[in-house]
2 protein chains.
Amino acid sequence: MLLLCMLFYNHKRYFMDTSSTILAIGTQSAESPLHQMHIERRTVRPQDVKIEILYCGICHSDLHQARNEWKGTTYPCVPGHEIVGRVVEVGAGVNYFAVGDLAAVGCMVDSCRECESCREGLEQYCENGATYTYNSPDLHLPTQTYGGYSESIVVDEQYVLRVPANLDLAGAAPLLCAGITTYSPMKHWNVGPGKKIGIIGIGGLGHMAVKLAKAMGATVVMITTSSSKVSDGLRLGADEVILSTDEDQMLSHAHSMHLILDCVSADHDINAYMTLLKRDGSLVLVGLPEDPLQIAPFSVVGGRKSFSGSSIGGIKETQEMLDFCGKHDITSEIELIHAKDINNAYERLLRGDVKYRFVIDMATLKG
Amino acid sequence: MLLLCMLFYNHKRYFMDTSSTILAIGTQSAESPLHQMHIERRTVRPQDVKIEILYCGICHSDLHQARNEWKGTTYPCVPGHEIVGRVVEVGAGVNYFAVGDLAAVGCMVDSCRECESCREGLEQYCENGATYTYNSPDLHLPTQTYGGYSESIVVDEQYVLRVPANLDLAGAAPLLCAGITTYSPMKHWNVGPGKKIGIIGIGGLGHMAVKLAKAMGATVVMITTSSSKVSDGLRLGADEVILSTDEDQMLSHAHSMHLILDCVSADHDINAYMTLLKRDGSLVLVGLPEDPLQIAPFSVVGGRKSFSGSSIGGIKETQEMLDFCGKHDITSEIELIHAKDINNAYERLLRGDVKYRFVIDMATLKG
């Protein structure tokens with residue numbers, strides 16, 4: 001174990017934290033495969049919780065970031081923001097967690113706590129920039145933040161979530177990103193009984209959206225390009241599955257949906273889906289295609305419709321989502337992998353060859 | 001005067017109306033200039049009001065339709081849906097209008113009256129298709145509807161508006177389209193005191209939006225590409241005018257606006273404007289550019305923003321808008337033209353050479 005003592009100023013960050021060295025999986029460049037490496041985690045401060053990571057989901061954002069596809073990646077890069085584990089140490093001022101508790105960390109580990117969005121519990125829209133779980137400037141160490149592909153993580157308890165005890169822990173990990181990213185817009189746009197919601201794309205996000213929307217009491221229509229996914233969509237709880245390539249099926253649902261959640265990360269024709277919306281309906285993008293999408297003016301003007309977006313969810317809402325999943329016994333469908341298989345998992349992810357989320361069994365990190 | 005008697009079935013339309021021949025200005029094809037012609041108006045039915053047209057505004061839609069730029073134009077085409085005039089005849093069952101009253105007609109002359117949208121007073125989104133003032137199948141004569149570039153019009157009183165007596169009649173005509181098209185979304189998206197609204201484009205719609213937003217009590221920022229329009233923007237009532245071509249001015253307004261009303265009909269970069277919106281803000285398109293607009297996923301996902309649209313307004317809301325304009329003495333800035341100058345006006349409209357709306361003095365129709 002290496003102890004470091006740092007003292008310098010950098011963008012208002014004032015570093016006097018000590019740290020210890022831990023094992024992680026990351027990469028040194030956009031072109032290199034992921035591999036085992038050592039990173040520093042800060043020593044527990046008074047408000048901090050240290051979590052031994054048991055499971056970490058693999059989100060498509062991890063791959064984008066590791067390969068610098070959104071630009072701005074700082075290396076070394078250790079991805080992972082679907083983290084579930086067990087508390088192994090708490091600071092003297094910690095109120096809500098004790099050693100031995102289950103705990104989870106999602107996409108953020110801090111934010112300014114002062115802006116309008118933070119005060120409203122919408123830290124994901126922090127006006128001064130939230131501290132993301134990886135690739136943000138670390139507030140306490142002079143590095144970027146490192147994510148959950150690692151032995152442990154130290155996080156201020158205000159940004160740590162509780163995991164309902166009845167949930168399968170590995171299946172719960174993806175709730176921290178895929179779960180909240182779909183839960184938050186559905187709550188914001190009032191999904192519930194009497195509402196018909198369309199969900200485009202049945203991958204990591206889409207399959208969670210189907211489960212959550214159904215548990216919220218909505219009528220759920222899954223929209224897919226792939227006839228091979230029809231039976232799976234029904235098994236997951238969709239009331240109906242329609243093929244977007246079948247014009248008759250699309251026409252039979254025209255002007256019928258209150259909300260469409262668009263979970264597709266590749267380029268696709270938004271206008272075809274906009275016709276499914278009722279007047280005043282919104283199509284909400286939660287995937288992040290690389291290029292701009294083309295929206296025809298008539299798609300929004302006719303029927304006062306909206307093409308909208310939503311990003312993850314706030315801390316309070318993430319807890320609410322976890323509790324909701326506990327109550328309804330909802331977890332992600334996962335494929336559990338060994339840490340050494342991460343690069344293969346990335347390749348399969350690129351091919352869409354996963355039902356529906358890879359989760360790393362972090363106990364395998366040490367061999 | 002020619003009386004016709006028609007009796008045949010066509011798309012559930014059952015024609016037994018008599019009609020009379022009147023003078024109008026229209027065109028026989030997309031390529032021909034507009035010229036004087038004769039059209040038929042139905043004889044007044046029990047619920048009808050016959051209006052002698054005094055003024056008719058020239059909307060860019062008139063030009064699009066006359067030249068078949070949206071396809072689907074049926075010829076002959078008589079445009080015009082910003083109609084102000086005086087009642088000259090009423091049917092036996094008319095309750096709200098009397099001969100001699102001022103009256104107005106906007107973009108619709110009928111709708112199904114039964115669907116959800118019609119029942120909610122949102123006839124512009126009629127699920128069975130509203131009957132537009134021109135180029136819709138006429139419900140009573142075996143032709144398309146003919147608009148306000150004509151001597152008179154016969155309309156069911158439910159679709160006729162009252163004009164506040166204090167308003168300049170020629171300046172009031174554009175309220176029927178340019179006014180309601182900007183008023184309706186501002187009411188829907190809660191423009192009022194404490195709200196900062198951006199208005200893109202200062203033409204027929206934009207200049208009305210500035211006046212209306214200011215009267216609603218909002219802080220109004222006009223956004224233009226043209227430095228020559230800055231002083232005019234301030235004169236119209238904008239609190240501030242910014243040049244979208246000036247990066248510093250745009251940056252200084254980043255994340256500050258609750259709503260942006262986009263009144264531009266040409267292609268333009270929506271993403272640059274989306275950055276001006278606060279969290280949960282909407283950019284609402286009321287112009288109708290020909291081609292799809294490119295929206296970057298991050299423009300909507302970051303800040304849960306919406307790219308939305310809105311189309312004219314319902315009949316009840318149009319009356320509310322006219323009364324609001326009466327109360328605040330709001331009319332359009334117009335250039336009054338002689339009927340014979342219509343083709344020249346269209347050419348000037350294409351060059352953006354009008355401040356800010358042409359209105360035809362219909363008294364000039366007969367020579």
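Naming: A, B, ... by sequence-line order, numbering from 1 per chain.
Here CZ of Phe298(B) is found 10.0 Å from CD of Glu290(A). Values are rounded to the nearest 0.5 Å. Taken to the nearest 0.5 Å, the SG atom of Cys115(B) stands 11.5 Å off from the NE2 atom of His255(A). Here the OG-CG distance, from Ser306(A) to Leu283(B), works out to 10.5 Å after rounding to the nearest 0.5 Å. For the atom pair CD1 of Ile295(B) and CD1 of Ile270(A), the computed distance is 10.0 Å after rounding to the nearest 0.5 Å.
The nearest pair of heavy atoms linking Pro297(B) to Asp291(A) is CD-O, 3.5 Å. Here the closest non-hydrogen pair linking Val301(B) and Leu285(A) is CG2-O, 3.6 Å.
Contact of the Arg304(A) side chain with the His188(B) side chain is registered, since non-hydrogen atoms from C-beta on lie closer than 4.5 Å.
Residue Leu122(B) touches chain A through its side chain alone, counting heavy-atom pairs closer than 4.5 Å. If you measure heavy-atom distances from Asp280(B) to chain A, the contacts under 4.5 Å come from the side chain alone.
The greatest number of non-hydrogen atom pairs below 4.5 Å with chain A, out of Ser310(B), Gly287(B), Ser311(B), is found for Ser310(B). Counting heavy-atom pairs closer than 4.5 Å to chain B, the top-ranked of the candidates Ser184(A), Gly302(A), Gly303(A) is Gly303(A).
At a threshold of 4.0 Å, the pair Arg279(B)-Glu120(A) counts as salt-bridged, since one of the basic side-chain nitrogens sits closer than that to a carboxylate oxygen.
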